[in-house]
Amino acid sequence: MDLCNIDTIRNVLDRHGFRFSKSLGQNFLTAAWVPAQIADSCGVDQDSCALEVGPGMGCLTEQLSKRADKVCAIELDRNLFPVLEETLAGCDNIEIVQGDVLKCDLAGICQEKFGDAPVYACANLPYYITTPAITALLDANIFRAITVMVQKEVAQRICAPAGSPDYSAFSVYIAYYADAEILFDVPRDCFVPQPKVDSAVVRLIPRGKPPVPVCNEKLFFTLVKAAFGQRRKTLANALQSALGNTLGKAGIVQLITDCGFDARVRGEKLSLADYAKLTELAEQRMTQ
């Protein structure tokens with residue numbers, strides 16, 4: 001069964017009375033090269049296992065099963081279970097579990113299904129949960145690599161360097177926890193229903209430790225969030241929400257200049273190392 005063939009997709013879904021859900025962001029692949037290339041790129045092999053989020057029709061699930069020892073796919077929509085039972089009938093190393101990636105104990109599921117085997121994560125993520133889903137996958141702290149298909153603009157933000165138009169607080173978060181790379185683009189006409197935007201596949205390799213030492217992670221991310229919360233403002237004005245009560249406006253400006261930055265600098269100009277430096281000095285000033 002060609003799980004990316006548009007006629008096959010329609011016939012199977014009609015047979016099971018399945019209707020696409022806009023609220024769940026369901027878009028199924030109709031280009032067979034995409035799941036094959038994702039499976040080839042994610043790193044899984046016969047000595048490791050794959051956790052998939054959102055199997056849809058099962059086209060990526062099937063490709064992963066050909067390469068991995070075992071595959072566990074988490075699907076939120078129960079209406080897809082009879083569909084997947086049919087489309088993946090010939091794959092005996094796949095298990096489908098019902099669940100929400102934002103609520104599941106991902107580490108616990110991997111331990112239960114795969115034991116101590118290396119695990120790689122793959123997902124065709126609905127656009128509306130991209131950021132929290134990637135955060136959940138990274139926070140699980142169990143995957144050798146995380147390969148996800150996301151909206152192209154989001155992929156660009158994930159991998160954006162400091163100072164670029166796409167650089168964001170999420171760019172800093174990703175750079176802190178993982179090495180990110182855009183693997184390839186996926187045009188919108190590779191899906192049914194066809195979305196209004198193109199997609200891209202991103203691979204994240206979780207870091208053993210952050211690339212720069214940070215003295216206080218909570219303060220670090222508080223400052224990053226504040227800095228990008230109001231992009232049109234200078235860093236000094238943006239940090240008022242985080243540091244204004246303790247350092248005051250003059251103290252914030254002094255903090256910025258003492259770090260070696262221009263007093264009028266904006267948050268998107270600072271690198272990961274710059275934010276680590278800012279955090280260290282801010283903590284010192286706040287405890288004086």
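Every value quoted in this text rests on a predicted model; they were computed, and no experiment measured them.
For Y167 (side chain) and L270 (main-chain N/O), a donor-acceptor pair under 3.5 Å exists by modelled atom type. Judged by distance alone, the side chain of N27 and the main-chain N or O of F191 form no donor-acceptor pair under 3.5 Å. A donor-acceptor pair under 3.5 Å links the side-chain atoms of T287 to the main chain of E283, judged by distance alone. Between the side chain of R207 and the backbone N or O of A178, at least one donor-acceptor pair lies under 3.5 Å. The main-chain N or O of S21 is found under 3.5 Å from a side-chain atom of Q26 such that the two form a donor-acceptor pair. Proximity of a side-chain donor or acceptor of E181 to a complementary backbone N or O of L183 within less than 3.5 Å is not detected. Without hydrogens or angle criteria, T130 side chain to P126 main chain gives a donor-acceptor distance under 3.5 Å. Remark: the backbone N or O of I38 is not paired with any side-chain donor or acceptor of S41 at under 3.5 angstrom. A side-chain donor-acceptor contact under 3.5 Å links T87 to the backbone of M57.
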Stepwise ring-ring contact (aromatic ring centres under 6.0 Å, His included) check, Y176 with F220: CA-CA 11 Å; Y176 187 77; F220 173 82; 5.3 Å; yes
Stepwise side-chain hydrogen bond (donor to acceptor under 3.5 Å, both in side chains) check, D274 with S271: CA-CA 5 Å; D274 291 336; S271 68; 3.2 Å; yes
Verdict with supporting geometry, R67 and D40, salt bridge (Lys or Arg N to Asp or Glu O under 4.0 Å): CA-CA 8 Å; R67 296 161 176 79; D40 284 339; 2.9 Å; yes
Worked verdict on T61 versus E52 for side-chain hydrogen bond (donor to acceptor under 3.5 Å, both in side chains): CA-CA 7 Å; T61 325; E52 184 188 8; 2.5 Å; yes
S199 and Y127: CA distance, side-chain angles, deciding distance, side-chain hydrogen bond (donor to acceptor under 3.5 Å, both in side chains) verdict: CA-CA 10 Å; S199 298; Y127 296 153; 2.7 Å; yes
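Crowding of D14 atom CG: a count of heavy atoms from other residues, nucleotides or ligands under 6.0 Å exceeding 12. Enclosure of atom CZ in R15 by more than 12 non-hydrogen atoms of other residues, nucleotides or ligands within 6.0 angstrom is indicated.
Remark: aromatic rings of F170 and F228 are distant, center separation not under 6.0 Å.
A salt bridge is absent between D179 and R203: the closest approach of a Lys/Arg side-chain nitrogen to an acidic carboxylate oxygen does not fall below 4.0 angstrom. Salt-bridge formation is detected for the pair K152/D185: a Lys NZ or Arg NE/NH1/NH2 atom is positioned less than 4.0 Å from an Asp or Glu carboxylate oxygen. At a threshold of 4.0 Å, the pair K70-E95 does not count as salt-bridged, since none of the basic side-chain nitrogens sits closer than that to a carboxylate oxygen. The pair R188-D198 meets the salt-bridge criterion, with a side-chain N (NZ, NE, NH1 or NH2) lying under 4.0 Å from an Asp/Glu carboxylate O. One finds a salt bridge joining R285 and D258 here, because a Lys/Arg side-chain nitrogen approaches an Asp/Glu carboxylate oxygen to under 4.0 Å.
Shortest non-hydrogen contact noted between C110 and F143 is SG-CE2, 3.7 Å. Of all heavy-atom pairs spanning D105 and G108, the tightest one is OD1-N, 2.9 Å. Here the closest non-hydrogen pair linking A39 and L60 is N-CD1, 4.2 Å. Of all non-hydrogen atoms in V71 and A68, the two that sit nearest each other are CG2-CB, 4.1 Å. Smallest separation of non-hydrogen atoms from A140 and A107: O-CB, 4.0 Å. Contact between Q240 and G248 at its shortest, heavy atoms only, is NE2-C, 4.2 Å.
Between the side chains of D69 and Q46, no donor N or O sits under 3.5 Å from an acceptor N or O. Inspection of the D189 and Q194 side chains reveals no N or O donor paired with an N or O acceptor under 3.5 Å. A donor-acceptor contact closer than 3.5 angstrom links the side chains of S48 and D45.
Distance check: E62 CD to I94 CD1 gives 7.5 Å after rounding to the nearest 0.5 Å. Between the OG atom of S65 and the CG atom of L88 there is a distance of 7.5 Å, given to the nearest 0.5 Å. With values rounded to the nearest 0.5 angstrom, D100 atom CG is found 12.0 Å from D77 atom CG. One distance of note links CG of L219 with OH of Y275; it measures 12.5 Å at 0.5 Å rounding. Atom-to-atom distance recorded for T8:OG1 and D2:CG is 5.5 Å, nearest 0.5 angstrom. Here the straight-line distance linking atom CD1 of I146 with atom CD1 of I142 works out to 11.0 Å at 0.5 Å rounding.
A tilted orientation is assigned to the rings of W33 and F184, their planes being inclined by 30° to 60°.
Every residue two or more places apart in sequence or in another chain was checked for a ring pair (Phe, Tyr, Trp, His ring centres under 6.0 Å) with Y120, and none qualifies.
Under the side chain to side chain contact (heavy atoms under 4.5 Å, CB included) test applied with L278, the options L223, L243, V224 reduce to a single match, L223. Applying side-chain hydrogen bond (donor to acceptor under 3.5 Å, both in side chains) to N237 and the options K249, R232, Q230 leaves one that passes, K249.
Looking only at side-chain heavy atoms (C-beta outward), V44 and C49 stay at 4.5 Å or farther from each other.
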